[in-house]
Amino acid sequence: MKKKIQPFLYLSITVSLFTAFFAPTVNAQSFFKNHPQINPFQYEIVKEKTFQKAAVTSAHPLASMIGVAILQEGGNAFDAAIATQFTLAVVFPGAGNIGGGGFMLARKNNGELMGIDYREAAPKKASKDMYLDAQGNAINAMSKEGASASGIPGSVAGMISTHAYAKLPLEKLIEPAIELAKYGFVISEREAKGLNSEKANFLRNSSAPSAFTSRTWKSGDTLFQPDLAATLLRIQEKGLAGFYEGPTAEMIVKEMNYSGGFISLEDLKNYRPKFRKPIEFEYKNHHVISFSPPSSGGIIIAQMLKMIAPFEVEKMGLNTEASVSLMVEAQRRAYADRAEHMGDPDYYKVPTQTLISDAYVKDRMKDYQPGVVGSSKITQAGIPHESEQTTHFSVIDAEGNMVAITTTLNDTYGNKTIVAGAGFLLNNEMDDFSVKAGVPNMYGAIGGEANSIQPGKRMLSSMTPTLVTLNNKPYISIGTPGGTTIPNQVFEGLVNIIDFKMSIKEAIDAPRFHHQWIPDVLALESDFPQDVADALTKKGYKVTKRGRFGRMDGIKYNADGSLSAAGDKRGDDSVAGY
Ligand code: DON
């Protein structure tokens, strides 16, 4: 069957952002002085490119280029990932972050795997019913906006733990982010629109105006973030204590006190990332590695890929009635398990090995009948939220070390609260907990005991940074934002590459679909083929069209040892390498 994919409209888009007239002197900047090829005031989005040795793909061209510059300075994939994460915190404030959390998945070239969970944790003052009113009803905004929505941020600690595997001094890896925050960079149209649309929310939730609210933005404007530069400098000088103690911690707690937040100085000081054993499984001769709880992503993609493995998906064709209904029935079953069985494994016994075992997965598909539409049999929980603002990036270095990181503030620009004086946004990750059994979160996902709130517990995530090896050699690093759509996107991306033999760029750009058990709705991207949408509706699926899901970034080895890197057509995502 012929692949139905959108033709590429471009390989690279030039962002016309040049404002040399306003560019500050760069003499004081050690990083940019040494890397004149990276110009924060004029840069290009590169959507797809093949490199001989190493590549980085992320949500922002500057972050990808800086990652590569660090590799060329002698850093490995871990160095590049740390520099990329800190850079994204400056150039992509809607999701790149130091006020949020994430998951770092890596495979070293010697085959060693590592998973660092730097997910936010519930503060000590948190409790199961903290977001319920006196009548026991969920108070909608409280887990979503303002200080009350924040979990204890994990990103800075996560990067410092990752640094154990890096080669260059941490100071060097933070330096580019400091310089971008201090001396500015030009913003894209997309960022200008994002900041403008949140201005009122930022002002309402934060105790003071910030760099983001200083004006109405347009493409090509320079964003200076002096408070953020000072915070990054404290981290550069003092490491963990530069964020989790001293002035930064005090500013966070002050912001908590301003709008009813729960995080204390003690919570911050006690925060630690956790090492997690990655999920591993086989799919059609490929070895897939992904993140374990408190992310649901690894278990879900293991279940779904195993559920469809007995079928000849490649013969059904990309985005056909047959392949979509098979994959949707797998999605329905895996997401039902997510709601019931998944949460922070340190607080709830998640039966991970059973859930991904061949016998269990086979049993789950026992009642699957090709051509018959399943039913989630439970009242619909509402239409999932459309935020696209988590971010994923992938790095592969010249030695074959692979890193996949997905990191987030949860919603776009998190809880819309900028820590006064510290210049960064906080997350609203507490909404990823099940605030009440059966009450949907902002992605329409429901949960129960497994994901109920407890002090110190980490909220269930869908983030799915994923690596694949082939014949025991590094092959793919991939991931995406998109809330509960994330595991489905990664599932579909892998099927596109493995079954439909698409290039990484084709696999990433192909139209996506999403079913999450509840609501019992099949959501299709707006460019999903209409004839197949009609056929699925006719068959009995409740089909809705949604704008777009996620911004997937990935890198894949080619047979000749070169690397193809791709950035999603859906964002400013951009690749770099050498
Ligand atoms: O961890 C999670 O599953 C969510 N907080 C991710 C949020 C997200 O992907 C938002 N962007 N689309």
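Counting from 1, the numbers follow the sequence of the chain as shown. Both ligands and their constituent atoms are indexed starting at 1 by order of listing.
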Task: Option with minimal heavy-atom separation from atom 4 (C) of ligand 1, where the choices are Leu460, Thr408, Thr412, Asp432 - done: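 The residue whose heavy atom sits nearest atom 4 (C) of ligand 1 is Asp432.
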
Under a 4.0 angstrom heavy-atom cut-off, which atoms of ligand 1 come close to [X]?
X	value
Ser462	1 (O), 2 (C), 3 (O)
Ile486	9 (O)
Met463	1 (O), 3 (O)
Tyr443	7 (C), 8 (C), 10 (C)

TODO: Hey, could you give me the NZ/NZ distance between Lys436 and Lys128, rounded to the nearest 0.5 Å?
DONE: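 Interatomic distance, Lys436 NZ to Lys128 NZ, rounded to 0.5 Å: 10.5 Å.
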
So, are [X] and [Y] salt-bridged, with charged N and O less than 4.0 Å apart?
X	Y	answer
Glu48	Lys569	no
Arg551	Asp572	no
Arg548	Asp568	no

Task: Any Arg119 heavy atom less than 4.0 Å from ligand 1 - done: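 True for this residue.
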
Open item on the list: Please check whether Gly483 reaches ligand 1 - meaning an N/O of the residue sits under 3.5 Å from an N/O of the ligand, judged on distance alone.
Closed with: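 Gly483 vs ligand 1: N/O contact under 3.5 Å present.
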
Task: Residue part near ligand 1, for Met459, under 4.0 Å between non-hydrogen atoms - done: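 Met459 to ligand 1: no contact under 4.0 Å from either part.
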
Open item on the list: Restricting to side-chain hydrogen bond (donor to acceptor under 3.5 Å, both in side chains), what partner residues turn up for Arg333, sequence neighbours left out?
Closed with: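 With sequence neighbours excluded, Arg333 shows a side-chain hydrogen bond (donor to acceptor under 3.5 Å, both in side chains) to Glu329, Asp367, given in chain and number order.
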
Task: salt bridge (charged side-chain N to carboxylate O under 4.0 Å, His left out) partners for Arg107, two or more places apart - done: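 By the salt bridge (charged side-chain N to carboxylate O under 4.0 Å, His left out) rule, Arg107 matches no residue at all.
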
